[in-house]
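Report on the following structure.
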Amino acid sequence: MPRVSMVTLAELAALACPYCGRTIPADDPGAVSAATVWGWCGVKLTADDEVQGLLLLAPADEPGHARLTCAWVRPGATGAGYGRQLVQGAAAGLVSRKARVVIARGSRTTVTCQAPPRDFLRAVGFTRGREDRMWRLELDRAVLGERAGVRGVFERFWESLRPVTPPEPAGGAISGRTNHA
């Protein structure tokens, strides 16, 4: 069963892109900034005890915005929905940290882990920004709109944080009733 989890700075060195071999060092300014602001710098998807995909983010210059810095799904694992799950996990984590937008550079010709395919970005909810290569994912619309995937992740996340209401004490102590015989 695939599992999405947050990525910390300590994990970065072991998460090389399987296509180009690129790793993000733990002292990368974007990763450090993300860990400082959000407590994590990305999400990874693990299946069968192996990392199958990675999505890294950094805070963007504009408040409430995040920038996608790296995204990949291992060869042989593409087409299984892992990329969508990575975006959904990142979106849920960002919304809980009050981020509103994710910016990504997409490519149609020279696809890299720094610029994922534009067709992938479009398929997971990004729209084209003002510049041809920049794409935006509006988290408030994605989470609150009808994109059930991101919305479902968000709702499950918040449901897990709701406090459980304890049962009333036996004997009606809250209402002032007592059960004296």
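Note that the structure is a prediction, hence the values are computed from the model and not measured. Numbering of residues begins at 1 and proceeds along the displayed sequence.
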Quiz item: Same cluster for Leu45 and Leu137 if Ile/Leu/Val/Met/Phe/Trp/Tyr side chains link at under 4.5 Å?
Solution: yes

Self-check item: From CH2 (Trp135) to OG1 (Thr127), nearest 0.5 Å
Solution: 7.5 Å

Practice problem: Start with the C-alpha distance between Val87 and Phe120, add both sets of side-chain angles, then the distance that settles side chain to side chain contact (heavy atoms under 4.5 Å, CB included), and finish with yes or no. | Solution: CA-CA 11 Å; Val87 170; Phe120 165 74; 4.0 Å; yes

Exercise. Could you list who else is in Val111's hydrophobic cluster, with ILVMFWY side chains joined at under 4.5 Å, directly or through other members?
Key: none

Quiz item: Does any N or O in the side chain of Thr46 come within less than 3.5 Å of the main-chain N or O of Asp49, such that one atom is a donor and the other an acceptor?
Solution: no

Quiz item: Would Arg118 and Phe126 satisfy side chain to side chain contact (heavy atoms under 4.5 Å, CB included), going step by step from the backbone distance to the final call?
Solution: CA-CA 9 Å; Arg118 68 181 186 164; Phe126 282 80; over 6 Å; no

Pairs under 3.5 angstrom only: tabulate donor-acceptor contacts from the side chains of residues 4-11 to other protein residues two or more places apart or in another chain.
from	atom 1	to	atom 2	distance (Å)
Thr8	OG1	Glu11	OE1	3.2
Glu11	OE1	Thr8	N	2.8
Glu11	OE2	Lys44	NZ	2.5

Return all side-chain donor-acceptor pairs below 3.5 angstrom for residues 17-33, not counting sequence neighbours, or 'none' if the list is empty.
from	atom 1	to	atom 2	distance (Å)
Tyr19	OH	Val73	O	2.8
Asp28	OD2	Gly30	N	3.1
Asp28	OD2	Ala31	N	3.0

Quiz item: When hydrophobic residues are tied together by side-chain contacts of less than 4.5 Å, even through go-betweens, does Leu94 share a cluster with Val37?
Solution: yes

Quiz item: What residue pairs, at least two apart or across chains, pass ring pair (Phe, Tyr, Trp, His ring centres under 6.0 Å) with a residue in residues 32-63?
Solution: Trp38-Trp40

Quiz item: side chain to side chain contact (heavy atoms under 4.5 Å, CB included) between Arg67 and Arg105: does it pass, once the steps are laid out?
Solution: CA-CA 9 Å; Arg67 180 175 42 87; Arg105 193 179 83 192; over 6 Å; no

Which pairs would a plain distance check flag for residues 56-63, meaning a side-chain donor or acceptor within less than 3.5 Å of a matching protein atom at least two apart in sequence or in another chain?
none

Practice problem: Please report the shortest heavy-atom distance between Leu86 and Gly53, naming the atom on each side. | Solution: CD1-C, 3.7 Å

Quiz item: Could you give all pairs that pass the ring pair (Phe, Tyr, Trp, His ring centres under 6.0 Å) test and reach residues 56-110, with sequence neighbours left out?
Solution: none

Quiz item: Would you say the side chain of Pro2 lies within less than 4.5 Å of the side chain of Gln52, judging by non-hydrogen atoms?
Solution: no

Practice problem: Check whether any side-chain N or O of Arg74 sits under 3.5 Å from a backbone N or O of Val51 as a donor-acceptor pair, and report yes or no. | Solution: yes

Exercise. Tell me whether Leu12 is reachable from Leu68 by hopping between hydrophobic residues (I, L, V, M, F, W, Y) whose side-chain heavy atoms are closer than 4.5 Å.
Key: no

Practice problem: Check for a donor-acceptor pair, side chain of Ser96 on one end and backbone N or O of Gly93 on the other, with a separation under 3.5 Å. | Solution: yes

Quiz item: Can you check whether Ala123's main-chain N or O pairs, donor with acceptor, with Arg84's side chain at less than 3.5 Å?
Solution: yes

